[in-house]
Amino acid sequence: MPSKIWVSFKNKDEYFDKEKDFENLLWENHGNDIVMVYLAEEKQVKQMDAKFNVNGSSEFIAKLKEIYGEENVK
């Protein structure tokens, strides 16, 4: 059963500014876990396309937290 990894962004603008780097990072860590994006200001949720599913290893989660902030990755 794949797990879900949540990454929160302040708003849609911040997400679009970081989208390419974010997608590349996901692509490089391909696996079975689903990535969910939350846009805080808009209160919107987006499930990333299956091609961006990741290997949710503790190392990868730590890398996400380092890049996007501890409080923004669940």
Side-chain angles (χ1 to χ4, degrees):
M1 200 65 191
S3 53
K4 289 186 178 177
I5 298 166
W6 288 81
V7 182
S8 178
F9 293 89
K10 181 179 175 185
N11 55 39
K12 198 179 284 189
D13 289 338
E14 180 188 32
Y15 173 74
F16 286 134
D17 286 346
K18 298 178 178 179
E19 183 177 26
K20 273 293 168 221
D21 290 336
F22 181 59
E23 288 180 351
N24 288 337
L25 182 62
L26 300 180
W27 186 258
E28 293 168 3
N29 293 281
H30 191 72
N32 294 318
D33 297 321
I34 299 165
V35 177
M36 303 295 293
V37 171
Y38 179 68
L39 305 177
E41 284 181 11
E42 292 86 350
K43 293 182 175 57
Q44 291 181 335
V45 173
K46 170 186 175 179
Q47 179 174 322
M48 295 297 290
D49 190 272
K51 69 182 178 184
F52 294 111
N53 285 3
V54 296
N55 175 355
S57 66
S58 55
E59 293 85 7
F60 179 65
I61 299 296
K63 187 172 187 176
L64 284 175
K65 287 180 177 182
E66 181 182 316
I67 295 170
Y68 298 104
E70 183 90 23
E71 68 283 357
N72 294 319
V73 179
K74 308 268 185 266

By the salt bridge (Lys or Arg N to Asp or Glu O under 4.0 Å) test, which pairs, at least two apart or in different chains, include something from residues 45-57? none
With a 4.5 Å cut-off on side-chain heavy-atom distances among I, L, V, M, F, W and Y, is there a chain of contacts connecting Ile34 to Met48? no
Solution key, residues 17-24 side-chain donor-acceptor pairs under 3.5 Å, sequence neighbours excluded:
from  : atom 1 : to    : atom 2 : distance (Å)
Lys18 : NZ     : Glu14 : OE2    : 3.0
Asn24 : ND2    : Lys20 : O      : 3.3

Suppose we screen for side chain to side chain contact (heavy atoms under 4.5 Å, CB included). Which residues come up paired with Gln44, at least two apart in sequence or across chains? Lys12, Leu39, Glu42
Residues passing the side chain to side chain contact (heavy atoms under 4.5 Å, CB included) test with Trp6, sequence neighbours excluded, are Lys4, Met36, Tyr38, Val45, Lys74
With a cut-off of 3.5 Å and sequence neighbours excluded, list every side-chain donor-acceptor pair involving residues 54-69.
from  : atom 1 : to    : atom 2 : distance (Å)
Asn55 : OD1    : Ser57 : N      : 3.4
Ser57 : OG     : Glu59 : OE1    : 3.4
Ser57 : OG     : Phe60 : N      : 3.2

Tell me whether the count of non-hydrogen atoms from other residues, nucleotides or ligands lying under 6.0 Å of CD in Glu70 goes above 12.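 It does not: Glu70 CD has 12 such atoms or fewer within range.
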Backbone N or O of Phe52 within a donor-acceptor pair of the His30 side chain at under 3.5 Å?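 Checked: no pair found.
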Applying side-chain hydrogen bond (donor to acceptor under 3.5 Å, both in side chains) to Asp33 and not counting sequence neighbours gives Ser3
